[in-house]
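Order of the sequence lines sets the chain letters (A, B, ...), proteins ahead of strands, with each chain counted from 1.
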Amino acid sequence: MAKSSSSDAQALIRSLRSAYAATPTNLKIIDLYVVYAITTAVIQIVYMGIVGSFPFNSFLSGILSCVGTAVLAVCLRIQVNKENKEFKDLSPERAFADFVLCNLVLHLVIMNFLG
Amino acid sequence: MASRLHEGKRSDPLRHVVQRMVPNHGSIGLRALICALLSICAAASIRPISDAHRSAALDLFVPSGGLFQSLEETYEALRTFQILGVGNFSDIGPATCPVIIDNLTSPASSPKDLFDAIRVNSILECQIGSQTFKDVAEKFQDLIKSTDKLMNFYYSILGLLHVKAQGVSVVLPDAEGVFYSIKALSQNDGRWQYDSNNAESSTCAAGIALEALAGVVSLADIELVQSKIGTIKHDIVKLFDSINSYDDGTLYFEEKHIDGSEYKGPLATTASVVRGASAFAAIVSEKLNIPGDKLVGIAKFLLSVGVPSSTKDLFNQIDSLSHIENNRISIPLILSLPSTVLSLTSKDQLEVEVTTVFGSAAPPLTVNLVRASSSDVKNNPILENQELQFDTEKNVHYLDILPLKIDIGKYTLEFEISLHDPENLNTYATGGHAHSLIFLTGLVKVDKSQIGIYDTDSESSASMLKLDFFKDDKISLVANHLQKLHLSFQLFTPLGNTIKPHQAFLKLRHESKVEHIFALESSSRQYKIILDFLALVEKFYYLSGRYDIELAVGDAAMENSFLHVLGYIDLDLPEPPERASRPPSLSVDPYARFGPKQEISHIFRAPETRPPKELSLAFLAFTLVPLGGFVIGARVLVDGFHFDAQTKATFISHCFLSMSILVSVQLLTLGVNLKSFPSSSVHALFSLLFHAGIAAILLLYVLFWLKLDLFTTLKVLGLIGVFLIFVGHRTLSCLASTSAGKVKTN
């Protein structure tokens, strides 16, 4: 049974990989961006775990900038994905413009809160 | 010294007793002198103008090189010297005359300068040509025609009066009109306004206006209708009705509205009103209806200032008193006592002087002592209706008090003046009853004084030692904490009555300078104190040893108040328990408070622990690693080439050195690649501007974090944002059109 489960897991992973390879490039870039943002957030949490959260506002602003930009990237991905029927009418350029604008606003707030 | 004491302080006569706590065996005469000098400051004691004022005038008005500080002060000085009859003008004249001529001839002089110059000149009488006077008169006449301010009227009218006194003929144009203009500024309560814009009425202005009106009448020399003068007389009466009074019967004028910048005290205000009223009274044919008592009250107020310490106060006092002395209404007579402390020992007589304010002789009159009552027992008068006899040599009224058998103490006397000649009542004002406070002092006898130690249980078997306070032998006693100290004595006045002195204290001083003071109680006939050492053990801080005994007895009416060291007592007190209070440490040298103070150690909040710098920098580098990873990954995805082992190795080995360069370079290339660079130049420009706009905003954010505040950031952000929106719209729309075209072609 263990062998079959491990082979099942391997088969599952292989099929996931092949399916993922089929996604368009721009979506992959967006996924990579999300991964980058989350990794940065994790590194910040590790740092806080080591030195303590003294300037708590700085810590919060750093974490929230990563998380916020990840969320906005996910929204962009949803809107740009051609398989989504709800956003068929929305051009990807418009979605990208929204993404840029929201990011700018988010970073303004973050810079203010950074202190 | 007398002038300093006359500064209006009401010193308590007890103060001299406190001064005597220092052992001082000086003469009785010295003590009586101190007594007398301090008592002169007591209530309601006024003296006419005397040599003290004359010497004060010479001390206050000191010219430097013949010149005073201003022409106004020059006038005040010269007028004061003239009235008091002191000072010589020989060095003032030559120095001041050029200043006067300069002021009179200069075209830029204000009306006040001209007025000051011309009235100083009327005293100094410099050599000035009549043409100058005519020019000055013309300036004044022009000012009268053009102004409506009270002060300008005052300066010009009185200036014209002084010019006229120099012999130059002066004409006042439209005297009635000027009279009306000044009268128009008057108010209902007898006060005046300074000009028609100023809503507040002022008492000082009333005095000035009255002087100006008197000047108008004497310049114009026409018969002004009696009704007009009658209204002014009504105003004067109303003004005098608004007079204020102190408790001791002195009357004064004061401003009702106090303007902070130009406050003139009661002395200046009263002087101004007196000048105005007397100037007006001088030109009016019949007498003004002002009761003589009010003039006496004002004269008393002016004299109660004593010897003033400022030049303006001295001038106001002397000038207004001279107007009062020479006025046509009634001349006040002042009753004063040359000395308010009388000694029974030296057989003093009660002496009273009645003079005018400047000390000149009064008409024949009699002084009657209506009532003399002790200040402690107010209702029972000691004396009633004693007539004082007149000593023609010394010019005083006196009363022999020794035969009247009055005891020592403080008394309030009430006097009444009656003039011999009833005609004089029209010229002089006596001012009702005058009150005065006197001290009668004498030697107090101490009798039956004894001191002793006795045990608590056996009160009667006390071995009492007789004391004589005025001999020098000291007693020595021994006691322990179970015993009591008993001290008693009796005090008698010269007439044999018992007296309760203001101070009766017993002081015990330890060798270590710790002192304890006890007040003596008085029973019906004697003063005594019983010190129960058992109860006082804790108060004495359990200090055993030798204590010096001192007794202090004093009273304002006692000529021989004393502080005697009676001797010493050796006290044996038990050991202090553990928690007994320590005796107070010796008082620190009072000058030590000016030395450096104790250092204050501030307690600050401990700062938060921060991580070491290297750790923070390491994590900064760590944070940038994912960025690098993202950029490289994006390149991989777009370009589709794989990293081989070699590039991987080079990347890792060069990671820390060239990461930033790699990142920025790859970002740029990525940007170029990602955006599939449009062919048309316009579109390229817009896309470039789009990138530039985003980079600018990010740069702005960095600046905001480093330096800027939110408001400037928002302003700049607004500007760049608008630009970015415009550019971005163009870029993305042409991108959209190209991609739509591609889709269509596909």
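Only the side chain of Ile50(A) comes within contact range of chain B, with heavy atoms under 4.5 Å apart. Both the backbone and the side chain of Tyr33(A) come within contact range of chain B, judged by heavy atoms closer than 4.5 Å. Heavy-atom distances place the backbone of Val105(A), and not its side chain, under 4.5 Å from chain B.
Residues Cys734(B) and Phe686(B) are not in side-chain contact: their nearest non-hydrogen atoms beyond the backbone lie 4.5 Å or more apart.
Taking non-hydrogen atoms and a 4.5 Å limit, the residue list of residues 723-733 of chain B in contact with chain A, ordered by number, reads Leu724(B), Leu732(B).
With a 6.0 Å radius and a threshold of 12 heavy atoms from other residues, nucleotides or ligands, Phe59(A) has its CZ atom above the threshold. Within a 6.0 Å sphere centred on NZ of Lys539(B), heavy atoms belonging to other residues, nucleotides or ligands number more than 12. Around the CD atom of Glu538(B), the shell of radius 6.0 Å holds no more than 12 heavy atoms that belong to other residues, nucleotides or ligands.
Ranked by heavy-atom pairs under 4.5 Å with chain B, the list Asn103(A), Ile110(A), Leu108(A), Ile43(A) is led by Leu108(A).
Not counting sequence neighbours, the partners of Leu710(B) by the side-chain contact (heavy atoms from CB on, under 4.5 Å) test are Asn112(A), Phe704(B), Leu714(B). With sequence neighbours left out, the side-chain contact (heavy atoms from CB on, under 4.5 Å) criterion links Val716(B) to Leu700(B), Ile720(B).
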Let me see the working for Tyr47(A) and Ser616(B) under side-chain hydrogen bond (donor to acceptor under 3.5 Å, both in side chains), right down to the final yes or no. CA-CA 8 Å; Tyr47(A) 179 67; Ser616(B) 308; 3.0 Å; yes
Distance-only check: which donor-acceptor pairs under 3.5 Å involve side-chain atoms of residues 79-100 of chain A, not counting sequence neighbours?
residue: Asn84(A); atom: ND2; partner: Ile78(A); partner atom: O; Å: 2.7
residue: Ser91(A); atom: OG; partner: Arg94(A); partner atom: N; Å: 3.4

